[in-house]
Amino acid sequence: ILNVEQSPQSLHVQEGDSTNFTCSFPSSNFYALHWYRWETAKSPEALFVMTLNGDEKKKGRISATLNTKEGYSYLYIKGSQPEDSATYLCAPSNFGNEKLTFGTGTRLTIIP
Amino acid sequence: EAGVAQSPRYKIIEKRQSVAFWCNPISGHATLYWYQQILGQGPKLLIQFQNNGVVDDSQLPKDRFSAERLKGVDSTLKIQPAKLEDSAVYLCASSPGGGGYTFGSGTRLTVV
């Protein structure tokens, strides 16, 4: 079972501000890192899948980076909007096993 | 493409009662997962099916939890008897293989 840590656990950000949070995971036998956004009462929604060291992905105002050698990923949100309020989950997978192990998530609240 | 369907959305039961959850994955997805997400924690894998066979059930409390996927399509997860600590969101996800899940919206279980 992988040890996946996310920080901070919760975060309040003023609308319009930018923010970022961290996911750390074991670097050995790494295959892919997934980011999900989970809004209350909805399905977790896939944001990014990253596999290569140095990968950067972007989707609108949200972007993510990956460092597989040291075992961490950052998620950035630029110009936060109320609709960004959600729990953001990261989950790495290992070679030969597509099973995802989730971190505890970062609960983001955007203050209007 | 239709998403992953789960029912019921919410369920409240008394401790020691039984409960069952149902999941219909995306058509053609061979792999199906059940996750348990307790408040303040990340989703924890309970069981992984490949078609109708169990791949991983190492974290399934088998004294009270059972799951089946008889025809390799729909799946049911049962808890008998329920305990207070089973209160959680139960998420079903499916995958065509190669990583990347599609989640259902979950069943929120409250045991009183």
Side-chain angles (χ1 to χ4, degrees), chain A residues 1-11 21-25 29-52 55 57 59 64 66 68 73 75 86-107, chain B residues 1-11 21 23-26 29-51 53-60 88-110:
Chain A
I1 297 174
L2 301 177
N3 183 26
V4 183
E5 295 184 0
Q6 290 189 247
S7 65
Q9 209 165 10
S10 67
L11 193 55
F21 24 93
T22 308
C23 170
S24 61
F25 51 87
N29 209 29
F30 171 86
Y31 177 68
L33 192 283
H34 298 248
W35 279 100
Y36 283 84
R37 174 169 62 198
W38 192 8
E39 295 180 66
T40 304
K42 294 186 178 180
S43 311
E45 171 200 356
L47 288 174
F48 305 113
V49 181
M50 295 182 288
T51 56
L52 299 176
D55 255 357
K57 294 275 178 92
K59 187 176 180 179
L66 179 66
T68 62
S73 175
L75 190 82
T87 296
Y88 291 81
L89 295 164
C90 72
S93 62
N94 283 349
F95 270 108
N97 188 347
E98 69 168 37
K99 173 179 69 178
L100 300 183
T101 301
F102 287 89
T104 52
T106 292
R107 188 181 185 97
Chain B
E1 164 179 87
V4 175
Q6 286 190 249
S7 68
R9 288 295 304 273
Y10 304 94
K11 190 76 178 179
F21 313 127
C23 173
N24 186 10
I26 290 176
H29 280 195
T31 312
L32 184 148
Y33 306 84
W34 282 102
Y35 279 82
Q36 178 195 55
Q37 193 261 333
I38 293 172
L39 188 65
Q41 301 179 20
K44 180 184 88 171
L45 179 68
L46 292 177
I47 190 165
Q48 175 186 357
F49 291 97
Q50 181 78 16
N51 296 308
V54 175
V55 174
D56 184 350
D57 64 356
S58 57
Q59 297 192 87
L60 187 73
V89 175
Y90 290 85
L91 287 166
C92 177
S94 70
S95 168
Y101 297 0
T102 302
F103 281 94
S105 50
T107 296
R108 182 176 294 277
L109 173 68
T110 303

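All of these numbers come straight from a predicted model, not from anything done at the bench. Here is the naming used below: chain letters follow the sequence lines, and residue numbers restart at 1 for every chain.
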Checking heavy atoms, do the side chain of B:Gln41, its backbone, both or neither come under 4.5 Å from chain A?
-> backbone
Atom CZ of A:Arg107 with >12 non-hydrogen neighbours under 6.0 angstrom | no
Check each atom of B:Val4 against the heavy atoms of chain A and say whether the ones under 4.5 Å are side chain, backbone, both or neither.
-> neither
Most contacts with chain B, counted as non-hydrogen pairs under 4.5 angstrom, among A:Gly103, A:Ala46, A:Gly105 | A:Gly103
Of A:Ser93, A:Ala91, A:Ala41, the largest count of non-hydrogen pairs under 4.5 angstrom with chain B goes to A:Ala41
Is the number of heavy atoms from other residues, nucleotides or ligands under 6.0 Å of A:Lys57 NZ greater than 12?
-> yes
Do you know the tightest heavy-atom contact between A:Gln9 and B:Gly40?
-> NE2-O, 3.9 Å
Side chain, backbone, both or neither: which part of B:Gln37 has an atom under 4.5 Å from a heavy atom of chain A?
-> side chain
Value rounded to 0.5 Å, distance of OG in A:Ser43 from OH in B:Tyr101 | 15.0 Å
A:Phe30: what forms a ring-ring contact (aromatic ring centres under 6.0 Å, His included) with it, not counting sequence neighbours?
-> A:Phe25
Which bit of B:Arg108 comes within less than 4.5 Å of chain A, counting heavy atoms only: side chain, backbone, both or neither?
-> neither
For the atom pair CZ (A:Phe102) and CG (B:Leu91), what is the distance rounded to the nearest 0.5 Å?
-> 8.0 Å
Report yes if some heavy atom in the side chain of B:Phe103 is under 4.5 Å from a heavy atom in the side chain of A:Trp38; otherwise report no.
-> no
Chain B contact via A:Lys99 - side chain, backbone, both or neither, heavy atoms under 4.5 Å = both
